[in-house]
Asker: 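The following block contains the structure, expressed as structure tokens.
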There are 2 protein chains.
Amino acid sequence: MKVKEVADLVGISVRTLHHYDEIGLLIPEETTDAGYRIYSDENLETLQQILFFRELGFPLKKIKEIIDSPSFDQQEALEMQHRMLLKEKNRLEQMIGTIEKTIQHLKGEIHMSNKEKFTGFDFSHNPYEQEAREKWGDQAVDEANEKAKNMTAFDQEKFNEVFRSLAAIRHLSPDSKEVQEKITKWHLFLNEMRNYSLDAFKGLGQMYVDDERFTKNIDQFGEGLAKFMCTAMSVYVDRNKK
Amino acid sequence: MKVKEVADLVGISVRTLHHYDEIGLLIPEETTDAGYRIYSDENLETLQQILFFRELGFPLKKIKEIIDSPSFDQQEALEMQHRMLLKEKNRLEQMIGTIEKTIQHLKGEIHMSNKEKFTGFDFSHNPYEQEAREKWGDQAVDEANEKAKNMTAFDQEKFNEVFRSLAAIRHLSPDSKEVQEKITKWHLFLNEMRNYSLDAFKGLGQMYVDDERFTKNIDQFGEGLAKFMCTAMSVYVDRNKK
DNA sequence: TTAAAGTACCCCGTAACGTGAGAGTCAATA
DNA sequence: TATTGACTCTCACGTTACGGGGTACTTTAA
């Protein structure tokens with residue numbers, strides 16, 4: 001495919017493709033005698049990756065690093081992008097909520113703190129570092145996946161048990177004794193499998209809400225369980241931290 | 001409030017606030033004798049507006065124009081931003097769908113056309129022009145162009161042909177042989193472009209009714225055609241599923 | 001075979017800040 | 001009261017990711 005075909009297909013400019021070629025980010029597989037750039041299907045797949053990363057706010061330099069990395073795994077990348085996009089979607093939903101509230105606020109229907117007026121804006125100034133380092137970072141292999149694959153039926157049953165019992169008491173306050181006891185067990189149990197730091201544990205709880213694959217699975221045990229566990233886990237961590 | 005307080009509250013940098021002051025986009029209501037910028041609550045509201053517009057991809061110059069405009073109405077703006085954010089959310093959802101499909105594609109579970117690999121990316125390169133011009137517009141918009149851009153004239157004609165022929169027989173029962181034959185063709189034709197699963201196909205039919213942009217377009221070929229197609233498509237899917 | 005459309009390369013422009021540098025300001029503490 | 005550390009100010013140059021114009025060559029459709 002020639003530049004314009006590609007450009008039109010994906011909705012970017014020809015200049016952008018030139019630029020990506022210039023900086024070595026996406027070099028067409030072939031060039032004709034006249035110097036025309038010819039893009040292969042593989043090139044297109046790479047371009048898709050590039051655009052996903054770009055959408056997520058990665059600078060081109062970083063994108064190049066990532067896709068050039070020998071340890072780069074497309075599927076893994078896609079899965080990360082998937083999670084990040086879900087987060088991004090969440091942020092958008094928050095902003096939408098903020099707008100709705102602001103409209104009501106304007107009509108004098110409700111009150112709004114200054115802080116509330118900006119929920120959803122903050123994207124932490126380098127949203128990706130967090131996750132990206134985890135994945136392609138210095139070390140940090142995907143040990144979670146490994147373990148999950150090897151999970152025995154026994155472990156699986158234990159998981160379910162935790163969820164069921166928590167679902168049963170999800171009407172209680174997240175910081176009640178009963179709930180916190182369960183959460184403690186949950187933490188200990190998880191630590192048998194993989195070594196979760198307190199922060200990681202809290203992060204996991206957040207994932208229950210952020211990632212709808214988690215949410216879905218967990219909520220099967222009871223409506224709103226994911227959110228409930230997220231809160232309870234957060235309380236647990238904050239308490240045990242200091 | 002002083003710069004850093006504001007910056008921290010909303011999640012932007014101090015430099016950004018300086019910049020906005022420089023270009024006259026957000027001038028603090030007050031400055032101390034020492035030259036410190038002091039932001040008022042009203043300033044914060046303006047800032048919120050600015051950030052919403054920025055999120056939507058508006059260049060700062062345009063934002064300035066808009067907020068400075070005498071006809072600027074905050075509530076109206078918020079409502080527009082609300083609509084645009086919803087669209088943006090839609091786009092994100094499409095991208096998420098694309099990622100999910102790509103993962104499946106990678107596993108060899110499904111096929112994907114090149115075109116499909118990029119659905120959700122194209123934001124027409126100036127996403128705001130669409131609505132913004134409508135509201136604060138310099139001139140008229142051609143919104144039809146936007147949609148048809150990605151479609152060849154040939155495809156377009158085929159689309160129309162389907163709608164016309166279906167409109168012609170919309171007095172028949174949705175599960176009649178003639179109708180179902182047309183729907184089958186319709187399904188095959190759509191599969192040439194993107195890969196619709198049966199469920200997705202049914203979902204599409206539902207969209208014809210739910211989303212008034214679809215409804216409008218389709219009903220141009222005949223009153224009630226959208227609803228008719230929705231039903232017929234549903235019948236078709238249910239029949240072919242098991 | 002000729003006009004229109006596409007492509008290449010070059011190079012300057014720009015938007016929205018980032019990033020010091022150097023100097024003054026403010027509030028809490030020793 | 002003096003000091004310290006966190007903030008603040010104003011230049012001013014740097015950066016990123018292209019946009020856009022100009023000019024010359026190539027391809028393609030009529």
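We name chains A, B, ... by the order of the sequence lines, and we start the count at 1 in each one.
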Asker: Whole angstroms only, please: what is the CG-P distance between A:L26 and D:dA17?
Answerer: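 From A:L26 CG to D:dA17 P: 15 Å.
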
Asker: Can you list, by residue number, the residues of residues 28-42 of chain B that have a non-hydrogen atom closer than 4.0 angstrom to DNA chain D?
Answerer: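 Heavy-atom cutoff 4.0 Å gives B:G35, B:Y36, B:R37.
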
Asker: May I have the distance from B:L25 (atom CG) to C:dA16 (atom C1'), rounded to whole angstrom?
Answerer: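 Nearest whole value for this atom pair: 11 Å.
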
Asker: Got a salt bridge between A:R91 and B:E55, using NZ or NE/NH1/NH2 to carboxylate O under 4.0 Å?
Answerer: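 The answer is yes: the pair qualifies as a salt bridge.
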
Asker: Using every non-hydrogen atom in the two residues, find where A:I99 and B:Q81 come nearest and quote the distance to one decimal.
Answerer: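 Smallest heavy-atom distance, with atoms named: CD1-CB, 3.5 Å.
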
Asker: For B:K61, enumerate each residue passing the salt bridge (Lys or Arg N to Asp or Glu O under 4.0 Å) test, keeping only those at least two apart in sequence or located in another chain.
Answerer: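 Scan of B:K61 (salt bridge (Lys or Arg N to Asp or Glu O under 4.0 Å), adjacent residues dropped) gives none.
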
Asker: Answer yes or no: does a side-chain N or O of B:K4 lie under 4.0 Å from OP1 or OP2 of D:dA6?
Answerer: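 Result: no.
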
Asker: Phosphate oxygens OP1/OP2 of D:dG19: is one of them under 4.0 Å from a side-chain N or O of A:S13?
Answerer: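 Checking A:S13 against D:dG19: at least one side-chain N or O falls below 4.0 Å of OP1 or OP2.
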
Asker: Which residue pairs pass the salt bridge (Lys or Arg N to Asp or Glu O under 4.0 Å) test with at least one member in residues 38-47 of chain B, sequence neighbours excluded?
Answerer: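 As it turns out, the salt bridge (Lys or Arg N to Asp or Glu O under 4.0 Å) pairs with a partner in residues 38-47 of chain B, which skip direct neighbours, are A:K117-B:E45.
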
Asker: The test is salt bridge (Lys or Arg N to Asp or Glu O under 4.0 Å); show your working for A:E5 and A:K2 and say whether it passes.
Answerer: CA-CA 6 Å; A:E5 299 176 71; A:K2 284 188 284 184; 5.3 Å; no

Asker: For A:T231, give me all partners under side-chain contact (heavy atoms from CB on, under 4.5 Å), at least two apart in sequence or on another chain.
Answerer: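 Counting only residues at least two positions away or on another chain, A:T231 forms a side-chain contact (heavy atoms from CB on, under 4.5 Å) with A:P174.
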
Asker: Write down the atom of B:N43, the atom of B:I38, and the distance for their closest heavy-atom approach.
Answerer: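 So the minimum-distance heavy-atom pair works out to OD1-O, 4.1 Å.
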
Asker: I need the residues from residues 14-22 of chain B with at least one non-hydrogen atom less than 4.0 Å from DNA chain C; give them sorted by number, or say none.
Answerer: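 Residues of residues 14-22 of chain B that come under 4.0 Å of DNA chain C are, in numerical order, B:R15, B:T16, B:H19, B:Y20.
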
Asker: For the pair made of CZ in A:F58 and C1' in D:dA17, what is the distance, rounded to whole Å?
Answerer: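 So the two atoms are 17 Å apart, to the nearest Å.
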
Asker: Could you tell me how far apart A:E5 (CD) and D:dT28 (C1') are, to the nearest whole angstrom?
Answerer: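 Value for this atom pair: 12 Å.
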
Asker: What residue pairs, at least two apart or across chains, pass salt bridge (Lys or Arg N to Asp or Glu O under 4.0 Å) with a residue in residues 26-40 of chain A?
Answerer: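 Listed once each, the pairs are A:D21-A:R37.
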
Asker: Starting at NZ of B:K61 and ending at C1' of C:dT14, how long is that distance when rounded to a whole Å?
Answerer: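 The distance from NZ of B:K61 to C1' of C:dT14 comes to 9 Å, rounded to the nearest Å.
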
Asker: Could you check how far CG of A:L9 sits from C1' of C:dG6, rounded to whole Å?
Answerer: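 The answer, rounded to whole Å, is 17 Å.
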
Asker: Starting at the 5' end of DNA chain C, which residue's closest nucleotide do you reach first, B:L60 or B:K2?
Answerer: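 Result of the comparison: B:L60.
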
Asker: Rounded to the nearest angstrom, tell me the gap between atom NZ in A:K62 and atom P in D:dT16.
Answerer: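 Interatomic distance, NZ of A:K62 to P of D:dT16: 13 Å.
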
Asker: Without swapping roles, check the side chain of A:T98 against the backbone of A:Q94 for a donor-acceptor pair under 3.5 Å.
Answerer: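 Checked: pair present.
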
